[in-house]
Amino acid sequence: MSIRLNKQQEAAVTAPDGPALVLAGAGTGKTRVIVERLSWLVEERGIDPRHLLALTFTNRAAAEMGERFAQRLGVERVPSWLGTFHAFGLYVLRREMEQLGRPKQFTIFDTSDQSSLMKRLVRDLPAKYAKVTPRDALGWISRLKQEVQTPEDVAVITPEDEACAALWTQYHEALRRGNAVDFDDLLVLLVRLLADREGVREKYQRRYRYVLIDEYQDTNRAQYLIARHLSAAHGNLFVVGDEDQSIYSWRGADINNILDFAKDFESATVYRLEENYRSTQAILDAANAVVAHNVNRLGKTLRATQPGKDAVGIYIAEDGDAEARWVVQDMAKQGYAPSSVAVLYRTNSQSRLMEESLRTRGLHYQVVGGMQFYSRKEIKDILAYLRLLVNPDDDESVRRVINVPARGIGAKSLEALEVYGVERKQPLMRVMRDVEGDETFPARARQSMVAFVDLIDSVALSAKQSTLEETVERLVKETGYRKFVEESDEKDFRTRLEIVDEFIASCRDYDRKSGNDVLTFLQDMSLVSDADAWKGSEPAVSLMTCHSAKGLEFDHVYLIGMEEGLLPFGIDAEEKGLIEEERRLCYVAMTRARKRLVLTAAVNRTLYGRTDRNRELSRFIKEAGKDRLVSLNEKATKPVAKARPVGAALAAGGEDKIKTGTRVRHAKFGPGRVLYTTGTGDKLKAKIRFETGRMATLMVAQAPLEIL
DNA sequence: GAGCGAAACGAGGAT
DNA sequence: CGTTTCGCTC
């Protein structure tokens with residue numbers, strides 16, 4: 001397993017002090033170089049591991065780095081600081097928040113907190129302002145913050161800009177009142193500490209003598225400044241990245257950070273890693289051919305070291321349904337182990353058809369992202385309750401749970417509460433403490449409010465000497481939340497209850513591992529990401545977006561939905577200047593495959609409940625080159641006498657071919673005869689008696705049947 | 001105020 | 001297609 005470092009890697013690992021850029025193509029052993037570099041600094045250069053700081057973008061990458069580094073040094077845990085930029089921001093803010101004149105204890109707003117807050121702000125925005133959507137306003141604000149700017153720094157030109165600038169102020173006032181920060185703040189406030197507080201800057205510069213950054217192409221302005229400040233005193237900034245894998249511009253990532261690194265840090269040494277240890281030459285050739293169409297790149301030529309004979313496949317399906325069915329059928333036919341397969345797509349909504357198809361076949365799968373555990377309503381509700389325990393000023397959480405379960409404080413009462421809060425400049429919980437004799441509110445609402453406050457107070461009090469698990473147990477019991485979930489909609493109450501119990505189990509885990517208090521738990525929780533949920537060891541097919549797949553690798557990859565509008569996404573990617581990023585995204589997805597890569601597309605696709613017909617194939621298919629792709633579609637000229645898949649027969653309007661008496665062959669059960677059919681189209685089912693004596697009712701469209 | 005069905009509306013990617 | 005909002009009744 002332990003291969004020797006190649007010349008390029010060796011050079012990068014032993015780079016002299018000072019700034020260094022490692023341009024590392026996909027699959028060239030990036031993580032390995034960082035781990036080896038860390039080990040080399042400790043073992044050969046005698047650096048105390050506590051002086052090492054390695055920053056990444058995902059918890060998974062950080063965890064992997066930590067494990068391998070520890071293993072390399074032969075210790076249980078390394079004392080170096082390894083983690084994501086956001087986690088590092090939180091780490092420093094926990095210690096230095098008071099330097100910014102803010103309370104030490106704060107909670108973190110996630111995207112759903114942000115959007116519900118912004119929704120209200122937009123709704124209540126005075127009519128003199130232009131109409132903007134909450135989404136656009138949040139995007140406008142976030143873009144500025146990622147560049148560490150404020151509305152004063154930029155030209156506020158259009159009426160929409162003006163509206164956003166007004167919302168900026170209100171948004172931040174709300175955060176301050178709620179004693180909260182958002183994701184961007186974790187970086188922005190860290191930059192402010194490092195830029196404005198000399199004492200803080202020097203403290204962390206002294207502590208971290210070597211700064212290493214993975215996926216440098218994904219850094220935004222704030223992250224760039226953090227890197228600059230931390231390394232300013234010693235210049236030991238070692239960054240690794242691949243400009244061809246820059247896919248997060250919408251999150252503020254600036255590809256120029258990596259493109260200009262050598263200019264920016266004048267004494268920088270540059271290394272290139274071009275030997276690919278992951279994919280076959282066929283896969284690399286196709287992926288390289290696609291990304292070579294980009295102009296804005298430094299350029300690398302990847303060489304495969306792995307042998308392999310499978311050409312990159314292309315399959316064009318009739319529609320999304322057929323595409324999903326074919327993919328599942330193909331992976332079964334090839335006999336792939338589920339864990340070796342990934343299905344990658346551009347948008348989360350594409351997972352649905354794949355899930356249905358996999359379920360029909362009885363194959364295990366795991367979906368990464370989308371409606372994830374932590375974005376479930378039940379989890380959000382419980383987290384909101386927990387937040388109230390430690391931060392009663394958090395009005396966003398009050399609004400979320402004040403009437404969940406229903407306790408007689410409806411929209412009207414809440415509105416009256418809000419008005420009071422604004423008048424008295426007091427958080428909602430505070431207002432509720434004063435409503436006891438106030439006739440403004442109906443008696444029932446008043447009683448409920450007092451009961452609610454008492455409830456939160458009593459749980460908060462007992463939480464001080466309880467474990468997290470005990471607190472959550474008490475919470476769901478005494479707020480009636482558990483009962484509420486139990487009694488909810490028959491169909492999914494089991495899963496909803498399971499979610500609650502699973503959350504409690506994870507709290508128990510947290511208690512055991514850390515023993516931290518509720519506030520720390522909440523802060524840690526907000527940094528858990530969707531990609532963290534992926535378990536490589538699970539015996540299941542992995543389904544995820546191309547974005548989530550970054551940094552992962554699989555023996556077999558199906559990249560589905562290769563159509564204009566989907567990948568590249570949007571009809572105007574070209575005009576918007578986003579086409580190169582879409583191309584890089586395609587490149588990232590393709591280079592996840594070790595042994596076999598298959599691209600698929602659908603001619604007709606249902607989006608937003610409407611079916612789009614005769615869709616155009618993705619330009620990336622043409623860019624990959626026809627001679628580099630092999631068609632996996634059935635040849636239309638195949639002799640009729642030869643058995644052909646029923647799916648194709650249906651597509652050709654041959655639904656009536658399957659009827660009572662039709663002789664068929666099943667891939668597993670062998671030959672048999674149709675006794676009768678029910679349903680039509682995709683739902684057509686056939687009762688079949690096989691020659692083995694076995695009887696089965698099968699979905700014609702999905703079963704591996706051939707007409708004889 | 002709660003609960004229900006109908007209508008309207010809306011999703012790119014996610015630390 | 002899935003989710004949120006609306007409008008009605010109890």
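Below, chains carry the letters A, B, ... as their sequence lines are ordered, and counting in each starts from 1. Just so you know, these numbers use all the heavy atoms, side chains as well, and skip hydrogens, waters and symmetry mates.
Note on A/Asn348: a side-chain N or O is less than 4.0 Å away from OP1 or OP2 of B/dA14. Close to C/dG2, at under 4.0 Å from its OP1 or OP2, lies a side-chain N or O of A/Arg352. Residue A/Ser349 has no polar side-chain atom (N or O) positioned under 4.0 Å from OP1 or OP2 of C/dG2.
Considering only the side chain of A/Thr347, B/dG12 comes nearest among B/dT15, B/dG1, B/dG12. Distance from the side chain of A/Tyr608 is smallest for B/dA11 among the nucleotides B/dA14, B/dA11, B/dT15. Counting only heavy atoms from C-beta on, A/Thr545 has its side chain closest to B/dG13 among B/dG1, B/dG12, B/dG13.
For A/His547 and B/dG12, the NE2 to C1' distance is 8 Å, given to the nearest whole Å. The distance from atom CD1 of A/Ile579 to atom C1' of B/dG12 is 14 Å, rounded to the nearest whole Å. Between A/Arg444 atom CZ and B/dG1 atom C1' there is a gap of 6 Å when expressed in whole angstrom units. The CG atom of A/Leu607 sits 12 Å away from the P atom of C/dC1 (whole-angstrom rounding). Between A/Leu190 atom CG and B/dT15 atom C1' there is a gap of 15 Å when expressed in whole angstrom units. Here C/dG2 presents its P atom at 15 Å from CD of A/Gln350, a figure rounded to the nearest Å. One can place CG of A/Asp110 at 12 Å from C1' of B/dT15, the figure rounded to the nearest angstrom. One interatomic measurement links the two molecules: CD1 of A/Ile560 to C1' of B/dG12, which rounds to 15 Å at whole-angstrom precision.
A/Ser548 comes within 4.0 angstrom of sugar-phosphate atoms only, judged by non-hydrogen atoms across all strands, and of no base. Using a 4.0 Å heavy-atom distance criterion, A/Ser413 is classed as a sugar-phosphate-only contact. Nucleic acid contact for A/Arg60: none, since no nucleic acid atom lies under 4.0 Å from a heavy atom of the residue. Heavy atoms of A/Glu582 sit under 4.0 angstrom from at least one base atom. Among the atoms of the strands shown, none is found under 4.0 Å from any heavy atom of A/Arg610. A/Ser529 comes within 4.0 angstrom of sugar-phosphate atoms only, judged by non-hydrogen atoms across all strands, and of no base. Nucleic acid contact class of A/Ala87 (heavy atoms, under 4.0 Å, all strands): none. At the heavy-atom level, A/Asn403 lies under 4.0 Å from the strands shown only through sugar-phosphate atoms. Nucleic acid contact for A/Phe569: base, since at least one base atom lies under 4.0 Å from a heavy atom of the residue.
Under 3.5 Å, the side chain of A/Glu581 and the base of B/dG13 form no donor-acceptor pair of N or O atoms.
Ring orientation note: the planes of A/Trp81 and A/Phe88 are nearly perpendicular, at an angle over 60° on the 30°/60° scale. Using cut-offs of 30° and 60° on the angle between ring planes, the pair A/Phe484 and A/Tyr481 is tilted.
B/dA11 sits 15 Å from C/dC6 when the P atoms are compared, rounded to a whole Å.
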Which parts of nucleotides 3-9 of chain B does protein reach within less than 4.0 Å, heavy atoms only, written one letter per nucleotide 5' to 3' as B for base, S for sugar-phosphate only and - for none?
-------

If a protein heavy atom is under 4.0 Å from the base, mark B; if only from the sugar-phosphate, S; if neither, -; do that for nucleotides 4-10 of chain C going 5' to 3'.
SS-----

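Taken from OG1 in A/Thr84 to CD in A/Glu215, the straight-line distance is 13.0 Å, to the nearest 0.5 Å. Distance check, rounded to the nearest 0.5 Å: CG of A/Leu53 to OH of A/Tyr204 gives 11.0 Å.
A donor-acceptor contact shorter than 3.5 Å is absent between the side chain of A/Glu96 and the backbone of A/Leu193. Distance alone, capped at 3.5 Å, places no donor-acceptor pair between the A/Glu396 side chain and the A/Gly178 backbone.
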Worked verdict on A/Asp438 versus A/Arg446 for salt bridge (charged side-chain N to carboxylate O under 4.0 Å, His left out)
CA-CA 8 Å; A/Asp438 198 316; A/Arg446 252 184 293 151; over 6 Å; no

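Each of A/Gly570 and A/Pro442 was matched to the nucleotide of DNA chain B holding its nearest heavy atom; the match closer to the 5' end belongs to A/Pro442.
The ring of A/Trp250 does not lie on top of the base of B/dG12; it is either too far (5.5 Å or more) or too tilted (30° or more).
More than 12 non-hydrogen atoms from other residues, nucleotides or ligands lie less than 6.0 angstrom from CD of A/Glu553.
Taking the side chain as every heavy atom from C-beta outward, A/Ile560 and A/Trp326 never approach each other to under 4.5 Å. Side-chain contact between A/Ile213 and A/Phe85 is present, with at least one heavy-atom pair separated by less than 4.5 Å.
Geometrically, A/Arg95 engages A/Tyr91 in a cation-pi contact, judged by NZ or CZ lying under 6.0 Å from the ring centre and within 45° of the ring axis.
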